Amino acid sequence: MAGIDNNSNEQEVKTPKNFIHQQIIEDLAAGKNDGTVHTRFPPEPNGYLHIGHAKSICLNFGTALKFGGLTNLRFDDTNPTKEDVEYVDSIQEDVHWLGFDWGDRLYYASDYFEKLYDFAVTLIKRGKAYVDFQSQEIISEQRRTPTQPGIESPYRNTSQEENLQLFEKMRSGVFEEGECVLRAKIDMTSPNMHLRDPLLYRILKQTHHRTGDQWCIYPMYDFAHGQSDYWEGITHSICTLEFEIHRPLYEWFVNELADTNYRPRQIEFSRLNLSYTVMSKRRLLQLVKEGYVNGWDDPRMPTICGLRRRGYTPEAIRAFADMVGVTKVDGVTDVAVLEYCIREDLNKRVQRVMGVLNPLKVVITNYPEGVVEEVDAINNPEDESMGKRKVPFSRIIYLEKEDFMENPVNKFFRLAPGREVRLRYSYFIKCNEVIKNDQGEIVELHCTYDPETKGGNAPDGRKVKATLHWVSEANAVKADVRLYDRLFTDPDPAGHKDKDMLEFLNPDSLKVLKDCYIEPFVRNAKALDNFQFERLGYFNVDPDSESGKMVFNRTVSLKDSSKK
RNA sequence: UGUCCUGUGGUGUAAUUGGCAACACGUCUGAUUCUGGAUCAGAAGAGUUCAGGUUCGAGACCUGACAGGACAACCA
């Protein structure tokens, strides 16, 4: 697990204000909550965190930080059928990696099962909850539709004493799954469906990842969330727009529960949608389970761990979260914004190295055989402090195939017969001869170098129009490079049905390039994580792969790869 | 035919208590560069969904339309 980034305070200053901040400022001005702000990030441990959660994490932790408050991490684990410790662990790792810390405030909704049960008993005693023995279908029918009032259940007016006994029996396992549920008695005619006697508890004879077989009744989301917020002293419960219509119910429960003036306040914002990206947990799970990707942390996945393996930094993701802002408008953010964030971050901090993905052998005919000299290369032209490194140069080198054109088209400035170019940090070379095989394919170039141009400048002041990256054949590291592109070709893959979505899988999303050559420095510098191929783009050494393989981020830096 | 939410350049967001619509991404042009990257300079692109109203003045306030989204899981 990566360490915790303690620079979050700096970021807080830059965080643009949003409507949630405005509301908090108003609340503070009104003297609510004794001037404190306490938020929470409440994932259900039923999948891995993705970039959409990152927005929520940055919002919740960032908001608390901004107002000098705290943030809890709480697992909303009220449905044992979907949840697993694997997810609990990965979520903690990812939140930490993003640079946020919940201190000792790690909670589980399942910690509150006993208190929630007691509260349900209280509601029954107040005549505000009842056990309903009707089938799921009947209950659903009685709720009718949003445009017509619902019908009351025949069990709605069972006596409190009887309900108390029945609920106890539910808990002790007397009834089978689906036989009965506990419902709140609110208003079957409400235009808000969530107020038409919502379910509080259902029977689930399942083992829970934390409470084991201790319980066979489990609270519903609505019956757990607001109460958990209340018990934890959450002041602002920030969630996504789909819970907006739940708010009256959230407030109903909290009002029934509260014995002070304190009330947590639910505020909704629009979830992140990214073009070319599928974000629903259900669909991501499908991609994993059906083998369209190699796990939750496949670099093509929009998961935090996928982005991490791809070379994204926490800083870039936080910058992205700030950049997209917070509103209630549900729109689609262009992935180009995310890619911009990582490009900008990496550009400043990443070690530049040379490498060729598609090698073309070049013999420098006037360079002595058996000699290896080292040239000085700058590690990052934008940051002197990153220093220099030595790169071996010799008679036989590799260039990128596409850096040579036998019959150069207009505006092609790189190597061509008779043309002189610069090899980055070393010499000017001129192409004299093109060697082809029987099929007429170019297999080798013969060039001459100008010893006077060592270091990359000609004493006579003559200029070249291109600078090429290169590697020395004898010294280069041979590696397989995995090239990752977007998983989907459609800007809105999530806008289709699950099966249609799969039609837009990009067949080129993963390419394995054999026999790529990387300058030897890379082999000894894996700890750096990210590099930038001169002129080609970013890549990172993938710690999980067989040694020598690289993850290569085509989309991140090849801004111009699609155009001429 | 219901309730709630939301409508600002292609996209995401801004616009103190109403005061000539700003920023970022993207796009395009030019300069520069030892990455066709980065950088620098510049341009195009909305008159704020529409119609009324209040006002000296409205993206902001009011009314009414229209459009999009959410809600009818023993999911969260």
Side-chain angles (χ1 to χ4, degrees), chain A residues 16-18 42-44 46 76-79 81-83 109 132 135-136 139-150 177-183 190-196 199-204 217-218 220-222 224-225 239-248 268 270 272-273 275 281-282 322-341 343-344 347-348 352 354 377-378 380-382 403 411-414 421-426 455-457 463-469 532-538 557-561 563-564:
Chain A
K17 67 175 169 183
N18 58 51
E44 183 188 13
N46 67 345
D76 226 332
D77 55 352
T78 57
N79 184 358
T81 63
K82 291 185 173 178
E83 297 151 8
D132 196 328
S135 71
Q136 186 171 166
I139 290 176
S140 174
E141 276 170 31
Q142 286 173 348
R143 261 204 272 262
R144 313 282 281 276
T145 66
T147 53
Q148 43 180 187
E177 277 190 27
E179 204 173 336
C180 59
V181 292
L182 185 73
R183 298 176 74 180
S190 171
N192 184 337
M193 298 297 286
H194 293 275
L195 261 18
R196 319 250 262 228
L199 267 61
L200 270 33
Y201 274 93
R202 76 286 213 191
I203 298 169
L204 252 26
I217 56 172
Y218 291 92
M220 301 291 290
Y221 163 84
D222 285 307
H225 206 95
C239 62
T240 46
L241 237 33
E242 64 267 30
F243 294 105
E244 200 159 34
I245 201 153
H246 294 239
R247 199 190 325 139
E268 311 85 11
S270 58
L272 176 71
N273 294 308
S275 58
K281 273 195 204 170
R282 198 187 74 249
D322 284 345
M323 206 174 266
V324 296
V326 180
T327 62
K328 298 183 85 132
V329 183
D330 79 305
V332 180
T333 299
D334 196 328
V335 270
V337 180
L338 214 211
E339 290 168 355
Y340 164 82
C341 289
R343 218 187 293 125
E344 184 167 75
N347 237 329
K348 292 181 200 124
R352 316 293 170 89
M354 296 192 283
I378 295 166
N380 186 330
E382 293 172 50
D403 284 346
K411 290 239 175 187
F412 182 86
F413 299 120
R414 288 166 276 166
V421 297
R422 170 168 43 226
L423 294 179
R424 190 151 212 226
Y425 301 123
S426 51
N457 288 301
K463 301 269 184 190
V464 288
K465 286 198 163 179
T467 300
L468 305 185
H469 57 140
Q532 190 195 63
F533 268 139
E534 298 284 358
R535 213 178 56 77
L536 277 180
Y538 297 100
S557 68
L558 290 192
K559 201 172 161 184
D560 300 346
S561 64
K563 65 176 193 184
K564 254 279 99 73

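By convention in this document, chain letters (A, B, ...) are assigned in the order of the sequence lines, proteins followed by strands, and residues within each chain are numbered from 1. The figures that follow rest on heavy atoms only: side chains count, while hydrogens, waters and symmetry mates do not. Keep in mind that this is a model prediction, so the values were computed, not measured.
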Quick one: [X] [atom1] to [N] [atom2], roughly how many Å, whole number?
X        : N     : atom1 : atom2 : value
A/Arg343 : B/G37 : CZ    : C1'   : 9 Å
A/Leu338 : B/A24 : CG    : P     : 19 Å
A/Phe243 : B/A70 : CZ    : C1'   : 12 Å
A/Leu204 : B/A73 : CG    : P     : 17 Å
A/Glu339 : B/C25 : CD    : P     : 14 Å
A/Leu241 : B/C71 : CG    : P     : 11 Å

Pair A/Arg352 + A/Glu382, salt bridge at N-O below 4.0 Å =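 Between A/Glu382 and A/Arg352 there is a salt bridge, with a charged N closer than 4.0 Å to a carboxylate O.
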Counting N and O atoms only, with roles assigned by atom type, does the side chain of A/Glu83 sit under 3.5 Å from a partner on the main chain of A/Asn79, one being a donor and the other an acceptor?
-> yes
Quick one: does A/Arg196's side chain have a donor or acceptor within less than 3.5 Å of a partner on A/Ser190's backbone?
->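 The answer is yes, because a donor-acceptor pair under 3.5 Å joins these two groups.
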Given [options], which nucleotide is nearest the side-chain atoms of [X]?
X        : options             : answer
A/Phe412 : B/G2, B/A76, B/G36  : B/G36
A/Val181 : B/A76, B/C74, B/G26 : B/C74
A/Thr145 : B/A72, B/G37, B/G36 : B/A72
A/Ala336 : B/A14, B/C25, B/C75 : B/C25
A/His246 : B/A14, B/A76, B/G2  : B/A76
A/Pro191 : B/A38, B/G2, B/G36  : B/G2
A/Glu382 : B/A14, B/G37, B/A72 : B/G37
A/Gln136 : B/A73, B/A76, B/G37 : B/A73
A/Ile245 : B/U3, B/C74, B/A76  : B/U3

In Watson-Crick or G-U wobble terms, both distances under 3.5 Å, what is the partner of [N]?
N     : result
B/U27 : B/A43
B/A58 : none
B/G64 : B/C50
B/U32 : none
B/C20 : none
B/U3  : B/A70

Would you check if there is a donor-acceptor pair between the side chains of A/Arg422 and A/Thr467 at a distance under 3.5 Å?
->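 There is such a pair between these side chains.
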Do A/Glu44 and A/Asn46 have side-chain atoms, one donor and one acceptor, less than 3.5 Å apart?
->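 On atom types as modelled, these side chains qualify, holding a pair under 3.5 Å.
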OP1 or OP2 of [N] less than 4.0 angstrom from a side-chain nitrogen or oxygen of [X], does that happen here?
X        : N     : value
A/Arg143 : B/C74 : yes
A/Ser140 : B/A73 : yes
A/Arg202 : B/A76 : yes
A/Thr327 : B/G12 : no
A/Tyr340 : B/C25 : yes
A/Arg144 : B/U1  : no

Of A/Asp77 and A/Phe413, the one whose closest RNA chain B nucleotide lies more 5' | A/Phe413
With nearest nucleotides of RNA chain B determined for A/Pro43 and A/Met193 from heavy-atom distances, which residue corresponds to the more 5′ nucleotide?
->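 Between the two, 5'-proximity favours A/Met193.
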Say you pick atom C1' in B/U27 and the same atom in B/U11; how far apart are they, in whole Å?
->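 Comparing C1' positions in B/U27 and B/U11 gives a spacing of 11 Å.
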The residue among A/Leu338, A/Asp334, A/Thr333 that forms side chain to side chain contact (heavy atoms under 4.5 Å, CB included) with A/Val324 is A/Thr333
Straight-line distance of A/Arg424 CZ to A/Leu468 CG, nearest 0.5 Å =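 Answer rounded to 0.5 Å: 11.0 Å.
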Parallel, tilted or perpendicular: rings of A/His246 and A/Phe243 (30°, 60°) = perpendicular
Specify the glycosidic conformation (syn or anti) of B/G53, with syn defined as within 90° of 0.
->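 For B/G53, whose glycosidic angle is more than 90° from 0, the conformation is anti.
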Can you check whether A/Thr78 reaches A/Met220 side chain to side chain, under 4.5 Å on heavy atoms?
->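 When only atoms from C-beta onward are counted, A/Met220 and A/Thr78 do not touch, as no gap falls below 4.5 Å.
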Restricting to nitrogen or oxygen on both sides, can you table the protein-nucleotides 6-10 of chain B pairs closer than 3.5 Å?
none

